[in-house]
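Report on one structure; see the data block that follows.
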Amino acid sequence: MVFNTGAALLDAIVLAAVQKEPDGTYGYKITQEARGVLELSESTLYPVLRRLQKDECLETYDMEFGGRNRRYYKITEKGRKQLMLYCQEWRNYSGKITRLFEEVM
Amino acid sequence: MSRKEFMEELQVLLGELPKEEREEAIRYYESYFEEAGADQEQVVLEELGSAGRIAAQILRDYRMENGGGVYTEQGYRDAESEKQTPVRYKEENQANGATGSGVTITKKGLSGGSLVVAILIAILTFPIWISVLATAFGLLMGLFGASIGITVGFGVGGIGCIIGGVAAFAVGVFKTLTVPVVGAGLIAMGLLAFGAGCLMIAVVGGIIKLAIWVMKGLINLLGRIFHGKKEARA
């Protein structure tokens, strides 16, 4: 991608991907979801997931799937509020930029 | 490189992490390979990139969380000077949140990084701004002193001139009876002194008026700043 994806935007994308699944979702699926909207060639989401977990925006639980334990990530109440904040900020930010760009094209 | 080699490399590179942290990271990447399936191994390896880069990122996060700083391509970074998530939703804002959405954004005026830069610049330019500050302070004090000096000087001088003028006038009136020329001169001098005195008192009055005006303006300004803050909070 031409534009940089900052830590906050990465957090927001991960939170949005996780909150889509009320029962939680796992690392590989979150990564595929995020890959659908941006190029993650340089980093994986592990540090992002870990940080969100440390900040209590995500919680984890393990559940057996296909003979092995799978770690599920689930959004917390705090994470939901954080995501709301991000979405609001994004609407604000992207709206302003879009309006400016519309004058160009 | 194979999955096995990748995982072994990661294991070694994360050696300095506590066992629990290291195992969690290893586990994540192991299950990542498993979720993708054996036939996707090369695709996943390509996606993940180098184990070194991943390990470096994890180690950097860990060190920063634990108070230590690290040197990176962008220079020295530590947890204090760089918060990776600058804006976090804060619970207390919800409690008194009168805003429609109930979501209040807490922003810092300066991000951690730019704050450090600002402090550095402030320290480096110390010789410049300290002299500018000192000069400004000196000028202000000088103006203050000068206005007091002028007020007192003109005040006392003015009163002296008025008294002297009245006295000279009175003496002059008597003198005209004996030596008219000297008497007339004294009367003229008395009137002149009286006029000068009145002028000086007028100047003093003007300065006092100006001082009151400046004081009022300052109080007004402070009040507005205080009031403005109150309004912003509401």
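Sequence lines set the chain letters: A, B, ... in the order given, protein chains first and strands last, and positions in each chain run from 1.
Interatomic distance, Tyr28(A) OH to Ser31(B) OG, rounded to the nearest 0.5 Å: 11.5 Å.
For chain A, no part of Phe33(B) is nearby; none of its heavy atoms comes within less than 4.5 Å. Only the side chain of Tyr26(A) comes within contact range of chain B, with at least one heavy atom under 4.5 Å from a heavy atom of that chain. Using a 4.5 Å cut-off between heavy atoms, Glu77(A) makes no contact with chain B at all. Only the side chain of Lys54(A) comes within less than 4.5 Å of a heavy atom of chain B; its backbone N, CA, C and O stay farther away.
Put simply, of Asp62(A), Leu49(A), Asn69(A), the one with the most heavy-atom pairs under 4.5 Å next to chain B is Asp62(A).
A salt bridge links Arg71(A) and Glu24(B); the closest N-O separation between the charged side-chain nitrogens and carboxylate oxygens is under 4.0 Å. Under 4.0 Å is where a charged nitrogen must lie from a carboxylate oxygen, and between Arg70(A) and Glu34(B) no such pair does. Salt-bridge annotation for Glu30(B) and Arg68(A): absent, with no side-chain N of the basic residue lying under 4.0 Å from a carboxylate O of the acidic one.
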Exercise. Please walk me through it: do Arg50(A) and Glu21(B) pass salt bridge (Lys or Arg N to Asp or Glu O under 4.0 Å)?
Worked result: CA-CA 10 Å; Arg50(A) 196 180 151 279; Glu21(B) 295 269 351; 2.9 Å; yes
Exercise. Does the side-chain contact (heavy atoms from CB on, under 4.5 Å) test come out yes or no for Glu35(B) and Gln32(A), once each step is laid out?
Worked result: CA-CA 11 Å; Glu35(B) 299 291 352; Gln32(A) 299 311 312; over 6 Å; no
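Closest approach of Gly27(A) to Tyr32(B), counting heavy atoms only: O-CE1, 4.4 Å.
More than 12 heavy atoms of other shown residues, nucleotides or ligands fall within 6.0 angstrom of atom CE in Met141(B). Counting heavy-atom neighbours within 6.0 Å of Phe144(B) CZ, excluding the residue itself, gives a total of 12 or less.
Classification of the Tyr46(A)-Tyr28(B) ring pair by plane angle, with boundaries at 30° and 60°, yields tilted.
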